[in-house]
Amino acid sequence: MNNRKIIKGYKTLISSRFNVGTLRGKFKDGIIYTLYSDEFNSLKVGFAENNRVLEKKLSSESLILLDMKKGNKKDVFLLITTLKELGIKYSDNFYFKYSSTLMKHLSTLGWPVGRSLYKQRKIKKELVCA
């Protein structure tokens, strides 16, 4: 017979001087996007402050806009960190080698990927009544 002792305890909350207001100001809202390079078969994810900045990027480089949505720089940072932990490598300026695995991860993480290169699998369930 095992003699195990259960110890009850309570964790205490330590207060800090973390100011959420300054953090919000640091990550301004804008546009997060996914671009595709047909020439290099690669994807670029990023952040633009507004439509004008994004249009300038598209016109200066031969990239195709797959999709975009409202977001902030923190979203890009979190995405890059998560993909790094999943073992997906990127080059300078957040270029990724295109793969179906990468597209699946981006879609799962809620990143705008559009429907032109990645078609999400839909699972249909049928109820059978006996």
To the nearest 0.5 Å, what is the distance between [atom1] on [X] and [atom2] on [Y]?
{"X": "Asp67", "Y": "Lys69", "atom1": "CG", "atom2": "NZ", "value": "8.5 Å"}
{"X": "Leu83", "Y": "Glu85", "atom1": "CG", "atom2": "CD", "value": "9.5 Å"}
{"X": "Met103", "Y": "Tyr36", "atom1": "CE", "atom2": "OH", "value": "9.5 Å"}
{"X": "Thr34", "Y": "Ile64", "atom1": "OG1", "atom2": "CD1", "value": "13.0 Å"}
{"X": "Leu106", "Y": "Leu79", "atom1": "CG", "atom2": "CG", "value": "5.5 Å"}

Where do [X] and [Y] come nearest, in terms of heavy atoms and distance?
{"X": "Leu66", "Y": "Val113", "answer": "CB-O, 3.5 Å"}
{"X": "Ile32", "Y": "Asn72", "answer": "CG2-O, 3.7 Å"}
{"X": "His105", "Y": "Ile88", "answer": "CD2-CD1, 3.3 Å"}
{"X": "Ser99", "Y": "Leu102", "answer": "OG-N, 3.0 Å"}
{"X": "Leu63", "Y": "Ser37", "answer": "CD2-CB, 3.4 Å"}
{"X": "Val76", "Y": "Trp111", "answer": "CG2-CH2, 3.6 Å"}

Donor-acceptor pair, distance only, cut-off 3.5 Å: does the side chain of Thr81 make one with the backbone of Phe77?
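Looks like yes, one N/O pair under 3.5 Å.
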Is a side-chain donor or acceptor of Asp38 paired with a backbone partner of Asn41 at a separation under 3.5 angstrom?
no
Close side-chain approach of Leu65 and Leu58, heavy atoms under 4.5 Å:
yes
Joint hydrophobic cluster, Leu43 plus Phe40, side-chain heavy atoms closer than 4.5 Å:
no
By the side-chain hydrogen bond (donor to acceptor under 3.5 Å, both in side chains) test, which pairs, at least two apart or in different chains, include something from residues 51-63?
Tyr33-Lys57, Glu61-Tyr95
Check the pair Asn50 / Leu54 against side-chain contact (heavy atoms from CB on, under 4.5 Å), numbers first and verdict last.
CA-CA 7 Å; Asn50 55 42; Leu54 183 57; over 6 Å; no
List in chain and number order the residues that pass ring-ring contact (aromatic ring centres under 6.0 Å, His included) with Phe96, two or more places apart in sequence or in another chain; answer none if no residue qualifies.
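Checked Phe96 against ring-ring contact (aromatic ring centres under 6.0 Å, His included); matches are Tyr90.
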